[in-house]
Amino acid sequence: MIEQLFRHASARRELRSPAWFADYSLALATVVVALVGVAMNYSSTWRSLTFDGGDPWAVARRQALFVAVGIVVMVVAAVVDYRVLRHNATPVYLAALAALGALLVWAPEIRSARSWFVLPVVGFQVQPSEFAKLAVIVSLAAFVASHEGYLRFDTLLNAGVLLVVPMALIYLQPDLGTMLVFVAVAMGMLLVAGAQLRHIVVIMVVGVLALVLVFSIDALQGPRLLSETQRSRLTAFLDQDFEPLEASYNLRQSQIAIGAGGIWGQGWKQGSQTSLDLVPEQHNDFIFTALAEEFGLVGGTLLLALYAYMLMRTWRIGRVAGDPFGRLLTVGILSMLLFQVFQNIGMTMGIMPITGIPLPFMSHGGSGTITAFAAVGIVISVGARRYSH
């Protein structure tokens with residue numbers, strides 16, 4: 001009798017629409033964070049734009065457009081069955097590699113890197129490495145899902161090839177921050193998929209030795225494996241008194257802005273560091289400093305609480321996913337978002353090196369914003385279809 005009741009309940013769940021099981025609270029939290037990001041984009045740019053005689057709403061309006069497009073993409077990704085991605089993992093991966101390779105040939109050099117295509121009519125910049133994050137997550141999930149439970153070392157090496165090829169193309173741009181995101185994604189996915197700890201340790205040791213080798217070659221005036229900007233940022237992280245007016249300037253101004261916020265903050269559009277435009281790229285990589293200065297410890301804590309809720313819901317969806325591919329997709333996206341939040345906010349405080357990694361849903365930029373929304377949409381799709389087979 002009890003068994004029949006369970007069977008009946010299971011059958012009823014499978015007959016219900018996926019919309020019945022969608023995590024609307026995750027979508028709502030995502031939109032709230034994105035709207036806060038639009039407000040902080042305006043707060044951190046309106047004064048300098050007005051001073052230069054421009055439209056004070058220009059940056060915020062453009063970010064609002066990116067958010068609107070992102071919401072549409074999130075809804076579409078949530079509606080489409082995520083398992084379609086598994087059947088198209090190879091073309092998605094190859095398209096990402098083609099875009100990254102094309103950057104090195106045709107993309108203009110912007111801020112000492114070839115990381116963006118510039119759309120000629122509208123003037124928007126497209127950053128393929130942001131979309132490549134999702135492509136790598138999909139391809140790794142599709143590959144590892146068939147080996148989940150026990151990953152042999154040769155399987156890890158094959159998975160490593162999927163990771164190393166796009167990382168090499170991104171290194172040539174160069175973009176150290178995105179490379180670190182790829183590593184975080186791979187570690188999270190492989191651990192959940194059943195990789196043995198000793199294999200992960202071996203890979204980490206090799207990575208550390210490679211990093212030491214890179215610094216040693218640079219120190220010995222050998223071939224330059226890191227750009228001047230990357231070397232300066234890493235040196236400034238290790239020694240925060242290093243060239244205070246150059247490499248450490250961003251960090252110093254960032255810490256001043258966060259400290260100036262105190263408990264309650266100075267009020268929206270009232271931050272002294274923000275209003276005087278003393279923190280470079282504040283609407284991009286350092287947008288957390290604007291929020292911390294204007295809304296203080298309370299505002300920063302509330303933002304972190306929203307991120308924590310989003311990550312918690314993503315983790316829960318991963319635990320109840322209906323198949324290994326869905327679980328790995330969710331874990332990869334969780335790893336990506338968690339690392340970016342930790343790295344971005346950490347670098348504004350000086351506990352992590354400055355790498356140019358954007359704060360999800362907050363930092364200005366279309367590619368990063370739309371990619372993050374698409375990632376959340378995929379997570380919602382996984383959760384909504386946990387009972388369909």
A.B. asks: CG of Leu329 to CG of Leu334: how many Å apart, nearest 0.5 Å?
C.D. replies: 12.5 Å
A.B. asks: Going by salt bridge (charged side-chain N to carboxylate O under 4.0 Å, His left out), name the residues that satisfy it together with Arg86, two or more places apart in sequence or in a different chain.
C.D. replies: none
A.B. asks: Please confirm whether the backbone N or O of Leu103 pairs with a side-chain atom of Arg114, one donor and one acceptor, at under 3.5 Å?
C.D. replies: no
A.B. asks: If you measure from OG1 on Thr348 to CD on Gln282, what distance do you get to the nearest 0.5 Å?
C.D. replies: 10.5 Å
A.B. asks: Enter the distance from Gln173:CD to Leu100:CG here, rounded to the nearest 0.5 Å.
C.D. replies: 6.0 Å
A.B. asks: Which atom pair, heavy atoms only, marks the closest approach of Val382 to Gly326?
C.D. replies: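 Nearest heavy atoms, Val382 then Gly326: CG1-O, 3.8 Å.
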A.B. asks: Apply the test ring-ring contact (aromatic ring centres under 6.0 Å, His included) to residues Tyr42 and Trp57: give CA-CA distance (whole Å), side-chain angles for both, the deciding distance (0.1 Å), then the verdict.
C.D. replies: CA-CA 6 Å; Tyr42 175 73; Trp57 287 94; 3.9 Å; yes
A.B. asks: Quick one: does any side-chain atom of Thr289 pair with a main-chain N or O of Phe286 as donor and acceptor, under 3.5 Å?
C.D. replies: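 Flag set: sc Thr289 to bb Phe286 pair under 3.5 Å.
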A.B. asks: Is a salt bridge present between Arg316 and Asp23, judged by a nitrogen-to-oxygen distance below 4.0 Å?
C.D. replies: no
A.B. asks: Applying side chain to side chain donor-acceptor pair (under 3.5 Å), run through Ser115 and Gln127 and close with a yes or a no.
C.D. replies: CA-CA 6 Å; Ser115 300; Gln127 189 173 7; 4.9 Å; no
A.B. asks: Running the 4.5 Å side-chain criterion over Ile, Leu, Val, Met, Phe, Trp and Tyr, what cluster does Ile263 land in, apart from itself?
C.D. replies: Trp264, Leu297, Val298, Leu302
A.B. asks: For residues 340-366, which residue pairs qualify under ring pair (Phe, Tyr, Trp, His ring centres under 6.0 Å), counting only residues two or more places apart or in two chains?
C.D. replies: Phe66-His364, His283-His364, Phe361-Phe373
A.B. asks: According to side-chain hydrogen bond (donor to acceptor under 3.5 Å, both in side chains), who are the partners of Thr178, at least two apart in sequence or on a separate chain?
C.D. replies: Asp175
A.B. asks: Keeping Asp81 on the side-chain end and Val84 on the backbone end, is there a donor-acceptor pair under 3.5 Å?
C.D. replies: no
A.B. asks: Would you call Gln266 and Glu294 a side-chain contact if the rule is heavy atoms closer than 4.5 Å?
C.D. replies: no
A.B. asks: Val138 and Leu94: same hydrophobic cluster, using ILVMFWY side-chain contacts below 4.5 Å?
C.D. replies: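 Linked within one cluster.
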A.B. asks: Can you tell me how far apart OG1 (Thr369) and CE (Met74) are? Round to the nearest 0.5 Å.
C.D. replies: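 Rounded to the nearest 0.5 Å, the OG1-CE separation comes to 12.5 Å.
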A.B. asks: Is any side-chain heavy atom of Val118 closer than 4.5 Å to a side-chain heavy atom of Pro108?
C.D. replies: yes
A.B. asks: State, yes or no, whether a side-chain contact exists between Asp323 and Tyr82 at a heavy-atom distance under 4.5 Å.
C.D. replies: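 Yes - at least one pair of side-chain heavy atoms lies under 4.5 Å apart.
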A.B. asks: Below 4.5 Å, heavy atoms only, C-beta onward: do Pro358 and Asn284 meet side chain to side chain?
C.D. replies: no
A.B. asks: With the side chain counted from C-beta on, respond yes when Leu162 and Tyr93 share a heavy-atom pair under 4.5 Å apart, and no when they do not.
C.D. replies: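 Touching, per the 4.5 Å side-chain cut-off.
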A.B. asks: Considering residues at least two apart in sequence or located in another chain, which fulfil the side-chain hydrogen bond (donor to acceptor under 3.5 Å, both in side chains) criterion with Ser254?
C.D. replies: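 Result, side-chain hydrogen bond (donor to acceptor under 3.5 Å, both in side chains) vs Ser254: none returned.
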A.B. asks: What are the two closest non-hydrogen atoms of Ile170 and Ser129, and how far apart are they?
C.D. replies: CD1-CB, 4.1 Å
A.B. asks: Scan for side-chain hydrogen bond (donor to acceptor under 3.5 Å, both in side chains) pairs involving residues 371-381, sequence neighbours excluded, and state none if there are none.
C.D. replies: Ser381-Arg385
A.B. asks: At what distance, to the nearest 0.5 angstrom, does CZ of Arg83 lie from CG of Leu85?
C.D. replies: 11.0 Å
A.B. asks: To check you understand the geometry: which heavy-atom pair defines the closest contact between Ile370 and Val69, and what is its length?
C.D. replies: CD1-CG1, 3.7 Å
A.B. asks: Taking the side chain from Asn41 and the backbone from Gly37, do they hold a donor-acceptor pair closer than 3.5 Å?
C.D. replies: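 Pair found, side chain donor or acceptor close to backbone of Gly37.
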A.B. asks: State, to 0.1 Å, how close Gly177 and Ile357 come at their nearest heavy-atom pair, and which atoms those are.
C.D. replies: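 In terms of heavy atoms, the two residues are closest at O-CD1, 3.4 Å.
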A.B. asks: Of all the heavy-atom pairs spanning Val33 and Met362, show the shortest one and how long it is.
C.D. replies: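 Scanning both residues completely, I find the closest heavy atoms to be O-SD, 3.5 Å.
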A.B. asks: Working to the nearest 0.5 Å, report the span between CE of Met336 and NZ of Lys133.
C.D. replies: 6.5 Å
A.B. asks: Write down the atom of Ala29, the atom of Tyr309, and the distance for their closest heavy-atom approach.
C.D. replies: CB-CD2, 4.0 Å
A.B. asks: Are the side chain of Ser44 and the backbone of Met40 linked by a donor-acceptor contact shorter than 3.5 Å?
C.D. replies: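 At least one qualifying donor-acceptor pair exists.
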A.B. asks: Determine whether Ile345 and Leu304 satisfy the following criterion, side-chain contact (heavy atoms from CB on, under 4.5 Å), listing intermediate values before the conclusion.
C.D. replies: CA-CA 10 Å; Ile345 296 179; Leu304 289 176; 3.4 Å; yes
A.B. asks: Evaluate the criterion side-chain contact (heavy atoms from CB on, under 4.5 Å) for residue pair Gln255 and Leu251; output intermediate values, then yes/no.
C.D. replies: CA-CA 6 Å; Gln255 291 172 329; Leu251 176 59; 3.7 Å; yes
